[in-house]
Amino acid sequence: MRLRLRNRKMNIEKQLSADIQNSLSTLYQIDETVELQPTRKEFEGTYTYVVFPLVKALRKNPVEIANAIGEHLKENSDLVTNFNVVKGFLNLVLTKDIWTKMFNSLLSADRSVSNNGQSVLVEYSSPNTNKPLHLGHLRNNFLGYSVAKILSAAGFDVTKACLVNDRGIHICKSMIAYQQFGNGETPESSGMKGDHLAGKYYVEFDKAYKKEIEGLVAIGQTEEEAKKNAPLLKKAQEMLLQWEKGDKDVVELWQKMNAWVYDGFNATYKQIGVDFDKTYYESDTYLLGKDIVDEGLEKGVFYTKEDGSVWIDLTEEGLDHKLVLRGDGTSVYITQDLGTTELKYKDYQTDKSIWVVGNEQDYHFQVLFAILAKLGRPYAAGLYHLSYGMVDLPTGKMKSREGTVVDADDLVSEMIATAKDTTEERGKIAEFNKEEKAELFRMLALGALKYFLLKVEPKKRMLFNPAESIDFQGNTGPFIQYTHARIKSILRKAEAENINVPTEIGETELQEIETDLIYLLNDYPSYLAKAANEYSPSIIANYCYDLAKTFNSFYAEFSVLNEEDSSKRDFRLALVKEVAAKLKEGFGLLGIDVPERM
RNA sequence: GGUCCCAUAGCUCAGCUGGAUAGAGCAUCUGCCUUCUAAGCAGACGGUCGAACGUUCGAAUCGUUCUGGGAUCACCA
């Protein structure tokens, strides 16, 4: 791995800020940090410096200050050729060759990622083995995978982890229902994917369980009593105890059904293009954490109640008292998470650890992090819950138990069918063979789906309407994929005509839309940094959209290969090649592939 | 009831570390394919930025209160 000590990339904005700082100290003997913003389209200039904040200290009127700074910059800065002042806004016009310089520095930039010396573990997906993945899991998977990619591009050493919830009462429910109603059905005999088969029996359990409750209520029990007393639930609880004791038959059934489910999950993961470096299984880790409870008691961070249960007082942190171990000595959810957090740290010693988990667990993670901080864990400050909002349907919340979910496999299949129809309608891929077509349809389907789920800020809940299929036009994945394909088409044609793409360009007069593109390309690192800081793929998605949109405006108005001035043509060739590369790079961070043609 | 999150155009969303006249897409309407891919481009229409106070030269952005929606406050995970 290469380590770059300094960022050698020329940064106009930084240099300009420094020049302004210099002007301020020369003119007014003040030392201010300088923030620049892009000049609004309706004014002349590239960067704007707002002088209002100086007014108070300098006791001069803003226009006067702005003019003075402008004059000084014009005299002393190599970058500034002219300026104009509107109220307190100093609009700076930069020297003409700045754009070719900026672009050449982009062309010659070192594209390897420089390691930032930090490591991070990202846990996501974390499915339950009693049901197949649904739309909510897709948001989770795409988010986790993308955040891992983004952090990696930002220089982190990233480990992708998955914690499979493969034990517990919910798994036993599927198992009981299978025992009772399964008649030896298998994925082979039924033709169902293993995860769907397990999910079927989870739903079966709930149906039968509800019937039992009705029956008990009919003979006079209250609903609450009936829920506790229903024989099926008793059986599931009994089965969990047997599982914990290691009962041979139960463990065998558990292994058999889980193996089916893993086959199903692996097929889904492969289809949606998601993977992990490490998989943890809760059946291996659910007993962890008890030693941490002991440690907490010794340190006086935890306390014991009369019934033997162990608690922590988090009222100082603005939280409540929280149970960390049951009176009978068995674990609760938080106990396990204390244990797995410790385990992950022992395994990887990462500087940061991220959980991609829905916002219904916000409180749980507040508590978890607060406890680890109180225990003085060195890694506590690096823990982060990437909380995301639920995906709701027009009919309300998705519930696996009641079967009111948008199944992940079904949705992907439907999207592929839509991609096929949409593409064939346009009739542009006649020369594709069968495999190439299949690959393209999948690429577009996943592009549409991933972009749809990732372009929204993670913490916002979102609505998915199955009746309205996901668009392929406008602000969508396929729009950006299409833009990439268009550029590739130009590059192919150039190659066929033996026109080389230059690696350095000479001075040439540029259109405004071309400088817009250079500006955007040059700005990419700041978007990447922001996305990494905020763990937010939506920032990358929106950047790609901006870039694609701007390119398409350029494309509609100007021609690359039909440009008669060869220096302009060469510049445009290099420019569009950079745009394509950036779109591919950005979409790569979202886990979306881009086609050569479509 | 306590705590946390969300509220921007008819719909889906950007913008939020305070800056100039709040931007896209979808939908509706008008133009643009004998020229590098029309999954595109140009334009029209559409806004009390949930409400009220406050801080500020300046608030969609910060603060307080309120309204609406969601989540959570289990010896479930």
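Here is how names work: the chains are called A, B, and so on, in the same order as the sequence lines, proteins then strands, and each is numbered from 1.
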Participant: Considering only U72(B), A39(B), U37(B), which nucleotide approaches the side chain of Pro478(A) most closely?
Facilitator: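 Selected nucleotide (nearest to the side chain): A39(B).
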Participant: Taking NZ in Lys290(A) as the centre, count heavy atoms belonging to other residues, nucleotides or ligands within less than 6.0 Å. Is the count above 12?
Facilitator: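 Count over threshold, so yes.
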Participant: Should Arg492(A) be listed as having a side-chain N or O under 4.0 Å from OP1 or OP2 of U37(B)?
Facilitator: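 For U37(B), neither OP1 nor OP2 has a side-chain N or O of Arg492(A) closer than 4.0 Å.
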Participant: Do Asp337(A) side-chain and A77(B) base share a donor-acceptor contact under 3.5 Å?
Facilitator: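 Not at all, since no donor on one side and acceptor on the other fall under 3.5 Å apart.
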Participant: To check you understand the geometry: which heavy-atom pair defines the closest contact between Leu36(A) and Tyr49(A), and what is its length?
Facilitator: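 Closest heavy-atom pair between Leu36(A) and Tyr49(A): CD2-CB, 4.0 Å.
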Participant: Give me the ring orientation class for Phe369(A) and Trp355(A): parallel if the planes are under 30° apart, tilted from 30 to 60°, perpendicular past 60°.
Facilitator: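 Phe369(A) and Trp355(A): tilted rings.
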Participant: On RNA chain B, nearest-nucleotide positions of Glu457(A) versus Leu491(A): which is more 5'?
Facilitator: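 It is Glu457(A) whose nearest nucleotide is closer to the 5' end.
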Participant: Roughly how far apart, to the nearest Å, are C13(B) and C73(B) at atom C1'?
Facilitator: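 Between the two C1' atoms, the distance is 32 Å.
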Participant: For Glu42(A), does the CD atom sit with more than 12 other heavy atoms under 6.0 Å from it, leaving out its own atoms?
Facilitator: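 Result for CD/Glu42(A): enclosed.
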Participant: What nucleotide, of A39(B), C36(B), A71(B), holds the atom closest to the side chain of Tyr555(A)?
Facilitator: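 So the nucleotide nearest the side chain must be C36(B).
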Participant: I need the OH-P distance between Tyr281(A) and A77(B), as an integer number of Å.
Facilitator: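 Between P of A77(B) and OH of Tyr281(A): 21 Å.
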Participant: For Leu233(A) and C76(B), what is the distance between atoms CG and P respectively, to the nearest whole Å?
Facilitator: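 Between P of C76(B) and CG of Leu233(A): 12 Å.
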Participant: Counting side-chain heavy atoms from CB outward, which of A42(B), U72(B), G19(B) is closest to Glu360(A)?
Facilitator: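 Nucleotide nearest to Glu360(A)'s side chain: U72(B).
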Participant: Tyr482(A) side chain N/O closer than 4.0 Å to the phosphate oxygens (OP1, OP2) of A39(B)?
Facilitator: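 Looking at the OP1 and OP2 atoms of A39(B), one of them is under 4.0 Å from a side-chain N or O of Tyr482(A).
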Participant: Is the closest basic N to carboxylate O distance between Glu317(A) and Lys322(A) below 4.0 Å?
Facilitator: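 Result for this pair is no, no salt bridge flagged.
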Participant: With a 4.0 Å cut-off on heavy atoms, is Gln361(A) in touch with a base, just the backbone sugar-phosphate, or nothing at all?
Facilitator: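 Counting heavy atoms under 4.0 Å across all strands, the contact made by Gln361(A) includes a base.
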Participant: Mind checking Asn465(A) for me? I need base, sugar-phosphate or nothing, with any heavy atom below 4.0 Å counting as a touch.
Facilitator: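 Touches nothing.
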Participant: Does a side-chain N or O from Arg572(A) land closer than 4.0 Å to OP1 or OP2 of C36(B), or not?
Facilitator: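 No, Arg572(A) has no side-chain N/O under 4.0 Å of OP1/OP2 on C36(B).
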Participant: Looking across every strand, which nucleic acid part, if any, lies under 4.0 Å from Val332(A) by heavy atom: base, sugar-phosphate, or nothing?
Facilitator: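 Sugar-phosphate, no base atom in range.
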Participant: Taking the C1' atom of each, how far is U28(B) from C5(B), in whole Å?
Facilitator: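 Per the computed distance, 35 Å lies between those C1' atoms.
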Participant: With a non-hydrogen cut-off below 4.0 angstrom, is Ile487(A) in contact with a base, only sugar-phosphate, or nothing?
Facilitator: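 Counting heavy atoms under 4.0 Å across all strands, no contact is made by Ile487(A).
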Participant: Watson-Crick or G-U wobble partner for G46(B), using a 3.5 Å limit on both distances?
Facilitator: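 The base-pairing partner of G46(B), which may sit in any strand shown, does not exist here.
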Participant: Base, sugar-phosphate, or nothing for Lys488(A), non-hydrogen atoms under 4.0 angstrom?
Facilitator: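 Nothing, no heavy atom under 4.0 Å.
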Participant: Would you mind pulling out the nucleotide paired to A59(B), Watson-Crick or G-U wobble, both distances under 3.5 Å?
Facilitator: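 Looking at the geometry, A59(B) pairs with no nucleotide.
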Participant: Which part of the nucleic acid, if any, lies within reach of Met598(A) when heavy atoms closer than 4.0 Å are counted: base, sugar-phosphate only, or nothing?
Facilitator: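 The residue Met598(A) makes base contact.
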Participant: Over all strands shown, is Ser387(A) touching base, sugar-phosphate only, or nothing at heavy-atom distances under 4.0 angstrom?
Facilitator: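 No contact.
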Participant: Between Asp516(A) and Lys41(A), is there a side-chain N and carboxylate O pair less than 4.0 Å apart?
Facilitator: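 Here Asp516(A) pairs with Lys41(A) in a salt bridge, since their nearest N and O are under 4.0 Å apart.
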Participant: Could you label the plane-to-plane angle of the Trp243(A) and Tyr286(A) rings as parallel, tilted or perpendicular, counting under 30° as parallel and over 60° as perpendicular?
Facilitator: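 Tilted: the ring planes of Trp243(A) and Tyr286(A) meet at 30° to 60°.
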Participant: Report the relative orientation of the aromatic rings in Tyr333(A) and His364(A); use parallel for angles under 30°, tilted for 30 to 60°, perpendicular for over 60°.
Facilitator: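 Answer is parallel, since the angle falls under 30°.
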Participant: Pro53(A) near the nucleic acid: base, sugar-phosphate alone, or nothing, with a heavy-atom cut-off under 4.0 Å?
Facilitator: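 It contacts base atoms.
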Participant: Is the count of non-hydrogen atoms from other residues, nucleotides or ligands lying under 6.0 Å from Glu495(A) atom CD greater than 12?
Facilitator: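 No, the 6.0 Å shell around CD holds no more than 12 heavy atoms from other groups.
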Participant: Does a side-chain N or O of Lys460(A) approach OP1 or OP2 of A14(B) to a distance below 4.0 Å, or not?
Facilitator: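 Checking Lys460(A) against A14(B): at least one side-chain N or O falls below 4.0 Å of OP1 or OP2.
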Participant: Measuring only the C1' atom in each nucleotide, how far is U3(B) from U55(B)? A whole number of Å is fine.
Facilitator: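 Here U3(B) and U55(B) have their C1' atoms 26 Å from each other.
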Participant: How about Thr48(A) and Thr39(A): does a side-chain donor come under 3.5 Å of a side-chain acceptor?
Facilitator: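 Present: a donor and an acceptor within the cut-off.
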Participant: Look at the side chain of Arg426(A) and decide which nucleotide, out of A39(B), C36(B), U12(B), has an atom nearest to it.
Facilitator: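 My answer, after comparing the listed nucleotides, is A39(B).
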Participant: Confirm from the modelled atom types if Ser559(A) and C36(B) form a donor-acceptor pair under 3.5 Å, side chain to base only.
Facilitator: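 Indeed there is one.
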Participant: Starting at the 5' end of RNA chain B, which residue's closest nucleotide do you reach first, Leu90(A) or Glu282(A)?
Facilitator: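 This one resolves to Leu90(A).
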Participant: When the P atoms of G18(B) and C36(B) are considered, how many whole Å apart are they?
Facilitator: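 48 Å, rounded to whole Å.
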Participant: Take atom CD of Gln481(A) and atom P of U37(B), then tell me their distance rounded to the nearest Å.
Facilitator: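 Spelled out: CD on Gln481(A) to P on U37(B) is 18 Å.
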Participant: Heavy atoms only, 4.0 Å cut-off, all strands: where does Gly327(A) land among base, sugar-phosphate and nothing?
Facilitator: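 Touches a base.
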Participant: Could you tell me the separation between the CD atom of Glu596(A) and the P atom of U37(B), rounded to a whole number of Å?
Facilitator: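 One finds 14 Å between P of U37(B) and CD of Glu596(A), rounded.
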Participant: Ignoring the backbone of Thr48(A), work out which of G69(B), A20(B), C41(B) is nearest its side chain.
Facilitator: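 From the listed options, A20(B) comes nearest.
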Participant: What's Lys459(A) touching, base or sugar-phosphate or nothing? Going by heavy atoms closer than 4.0 Å.
Facilitator: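 Result for Lys459(A) = sugar-phosphate.
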Participant: By nearest atom, which of the nucleotides U37(B), A77(B), C41(B) is closest to the Tyr333(A) side chain?
Facilitator: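 Selected nucleotide (nearest to the side chain): A77(B).
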Participant: Using the P atom as the point on both nucleotides, what is the distance between A38(B) and C29(B), in whole Å?
Facilitator: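 Pairwise P distance, C29(B) against A38(B), rounds to 23 Å.
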Participant: Expressed as a whole number of Å, how far does the P atom of U61(B) sit from that of C49(B)?
Facilitator: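 To the nearest whole Å, 10 Å.
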Participant: If you compare all heavy atoms of Leu323(A) against all heavy atoms of Trp311(A), which two are closest, and at what distance to 0.1 Å?
Facilitator: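 Minimum heavy-atom separation between Leu323(A) and Trp311(A): N-CE3, 3.3 Å.
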Participant: Take atom P in A22(B) and the same atom in C26(B), then report the distance between them in whole Å.
Facilitator: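 Pairwise P distance, A22(B) against C26(B), rounds to 22 Å.
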Participant: Taking atom C1' in both A7(B) and A42(B), what distance in whole Å separates the two?
Facilitator: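 It works out to 33 Å between them.
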Participant: Does Lys173(A) put a side-chain nitrogen or oxygen below 4.0 Å from OP1 or OP2 of A77(B)?
Facilitator: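 Indeed not, no polar side-chain atom of Lys173(A) lies that close.
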Participant: Reckon Arg461(A) has a side-chain N or O less than 4.0 Å from the OP1 or OP2 of G70(B)?
Facilitator: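 No, Arg461(A) has no side-chain N/O under 4.0 Å of OP1/OP2 on G70(B).
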Participant: What's Val456(A) touching, base or sugar-phosphate or nothing? Going by heavy atoms closer than 4.0 Å.
Facilitator: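 Answer is sugar-phosphate: Val456(A) comes under 4.0 Å of backbone atoms only.
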Participant: Please list, pair by pair, any protein nitrogen or oxygen found under 3.5 Å from a nitrogen or oxygen in nucleotides 21-28 of chain B.
Facilitator:
from	atom 1	to	atom 2	distance (Å)
G23(B)	OP1	Arg40(A)	NH2	3.2
A24(B)	O2'	Tyr545(A)	OH	2.7
G25(B)	OP1	Lys549(A)	NZ	3.0
G25(B)	O2'	Asn475(A)	N	3.3

Participant: Are Phe89(A) and the base of G19(B) stacked, counting only ring centres nearer than 5.5 Å and planes tilted under 30°?
Facilitator: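 Taking the rule of under 5.5 Å and under 30°, the ring of Phe89(A) does not stack on G19(B).
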Participant: Any base atoms under 4.0 Å from Phe452(A), or only sugar-phosphate, or nothing? Heavy atoms, all strands.
Facilitator: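 Answer is nothing: Phe452(A) stays at 4.0 Å or more from every strand.
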